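Since the model is a prediction, treat every value here as computed from it, not as a measurement.
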Protein chains: 2
Amino acid sequence: MRMAELSRRTGVPVPTIKYYLREGLLLPGERTSPNQAIYDESHVRRLRMIRALAEVGGLSIAKVRDVLDAVDSPDEPFEVLGAVQRSIEPPVGATDGEHWAQARERVAKLLLERGWRAKIGSPPAQTLIAALASLYDVGREDLTDLLERYAPMAEKIAETDVERVTRGQGIEDTIEGVVIGTVIGETMFGALRRLAHQHVTAMTLGVVEEYDFGPGTAGGSGSHLE
Amino acid sequence: MRMAELSRRTGVPVPTIKYYLREGLLLPGERTSPNQAIYDESHVRRLRMIRALAEVGGLSIAKVRDVLDAVDSPDEPFEVLGAVQRSIEPPVGATDGEHWAQARERVAKLLLERGWRAKIGSPPAQTLIAALASLYDVGREDLTDLLERYAPMAEKIAETDVERVTRGQGIEDTIEGVVIGTVIGETMFGALRRLAHQHVTAMTLGVVEEYDFGPGTAGGSGSHLE
DNA sequence: GACTGGTAGATAGTGAAGCTATCCGCTATC
DNA sequence: GATAGCGGATAGCTTCACTATCTACCAGTC
């Protein structure tokens, strides 16, 4: 197929496809002459993957490229996981400050206690330290025990993910599964958690009447408080 | 204190504080004359909250404002949760397409089966539908059962969160806890999940040798791994 | 009481990100 | 051979989150 059909099949505008080609997210089509090229199913698939990672996963174009580069590399799944994690992790700001050392200590202790084979310097650990430090910063150390409460559940989820992704599939699919599981899975789980928040809060607070978390304003602009 | 000290105490540059004032994220200080004002601890606290939500939680400035508006409102915690969820949810793209109806059906069934008192039209449900639809789009419906696998775990986490946040505190702290628990908690849990991925993957694949998910290329700058 | 330096508020500028539009020479197809 | 579409290059646009500059003013110091 040519570019117009690729655009039609994926819903991505032609100029945007050209942009992705320029940025190296999408491999060029096969040349049929100096200024003509054809595309195939692999391009359709790749474009859908780009849109999924960017729109659903919320990754920047640069991060999508890094993640897809990792998928394309011939490395072992474990290496790919590392590359994906490095790619998707948001940059951590200051690695110091009043509470940083305290937070770092606490994360180090957690890794030790749970016997997790993960390094304190790895990207997710740095994110975790930053999040914990910010709890101290805003004066809510009472909430920091969420760390220890979350840890076993995160481990259970990770076991689910890994089991899910490694069972009976080729290496290609496993690696792609790692990427999708990490990125799309995070979006899914976050949304589920917020849905569960609605439910549990309603139960706990005994909300009985009609409630509606629908998409915002009933007939007004900006504010949704009357 | 005056603006220079507010800046020093929080590490936020003066022009940025002015920007936050303009954007309505920070309440103006108390006037002492037509062009002088003083700030207090509440401003320090608020600024730290802004930075936590923006940097750790990854929210845009507009979303931070919406979230803080919700915190400031005199509504019930349940209403605040709804407002926070509306504020933080990333906009969902197309609400149609080949697989949308299928995904929506599946989410509706899940809500029913688990007895969750949450609406299919609520922001997290829409996000969930979009994520599920993208799995179909990229041809990985084999991974869609993550939905049912994640659900009970999300519920357990939500119970933890709600229990944690409502126990023995004033209404103010509870509401702030809802916000922090939702936003910072998500960052924490995501990081923990990725850390657990490292661990579980290493275990499953029998990785024994030294491995290092450190920040990229060895011998570079930045690294605080030995 | 002049001087120095900080202050509020307004306006304008900056740089990155993610497209979008236009142009050019060429080509496939009717 | 007319015409619609193509690949590739370049330039422009919009949004976001600041950052810089300017003006009029004020507070403390010598």
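- Not a single donor-acceptor pair under 3.5 Å links the side chain of A:Thr10 to the backbone N or O of A:Arg48.
- Between A:Pro15 and B:Arg2, the one whose closest nucleotide on DNA chain C sits nearer the 5' end is B:Arg2.
- Judged by distance alone, the side chains of B:Arg106 and B:Thr144 do bring a donor and an acceptor atom under 3.5 Å apart.
- With rounding to whole Å, A:Glu55 atom CD is found 12 Å from C:dG18 atom C1'.
- Rounded to an integer number of Å, the gap from A:Glu23 CD to C:dT20 P is 14 Å.
- When the P atom of C:dA10 is taken as reference, atom NZ of B:Lys18 falls 11 Å away, rounded to whole Å.
- Counting distance only, with no hydrogens placed and no angle test, the side-chain atoms of A:Arg31 and the base atoms of C:dT27 include no donor-acceptor pair under 3.5 Å.
- Shown here is A:Glu5, whose CD atom has more than 12 heavy atoms of other residues, nucleotides or ligands within 6.0 Å.
- No salt bridge links A:Asp161 with B:Arg149; every basic N to acidic carboxylate O contact stays at or beyond 4.0 Å.
- Take the nearest nucleotide of DNA chain D for B:Asn35 and for B:Ala62: the residue whose nucleotide is more 5' is B:Ala62.
- In this structure, the nucleotide among D:dG7, C:dG18, C:dT7 sitting nearest to the side chain of A:Ile61 is C:dG18.
- Rounded to whole Å, the distance from CD on A:Gln36 to P on C:dA28 is 5 Å.
- Rounding to whole angstrom units, CD1 of residue A:Ile50 and C1' of C:dG18 are separated by 13 Å.
- One atom, CD1 of B:Ile38, and another, C1' of D:dA27, lie 14 Å apart when rounded to the nearest Å.
- Closest to the B:Arg51 side chain, of the nucleotides D:dC18, D:dA17, C:dT7, is D:dC18.
- Here the P atom of nucleotide C:dA8 and the OH atom of B:Tyr20 are 17 Å apart, to the nearest Å.
- Between A:Thr16 and A:Pro34, it is A:Thr16 whose nearest contact on DNA chain C lies nearer the 5' terminus.
- Nucleic acid contact class of B:Thr32 (heavy atoms, under 4.0 Å, all strands): none.
- At a threshold of 4.0 angstrom between heavy atoms, the contacts of A:Ala54 with the nucleic acid are absent.
- Not one side-chain nitrogen or oxygen of A:Tyr19 sits closer than 4.0 Å to the OP1 or OP2 atom of D:dG8.
- Checking the phosphate oxygens (OP1, OP2) of D:dC25, no side-chain nitrogen or oxygen of B:Ser33 falls inside 4.0 Å.
- Under the 4.0 Å criterion applied to side-chain N and carboxylate O atoms, B:Asp66 and B:Arg86 are not assigned as salt-bridge partners.
- One interatomic measurement links the two molecules: CG of B:Leu26 to P of D:dC18, which rounds to 13 Å at whole-angstrom precision.
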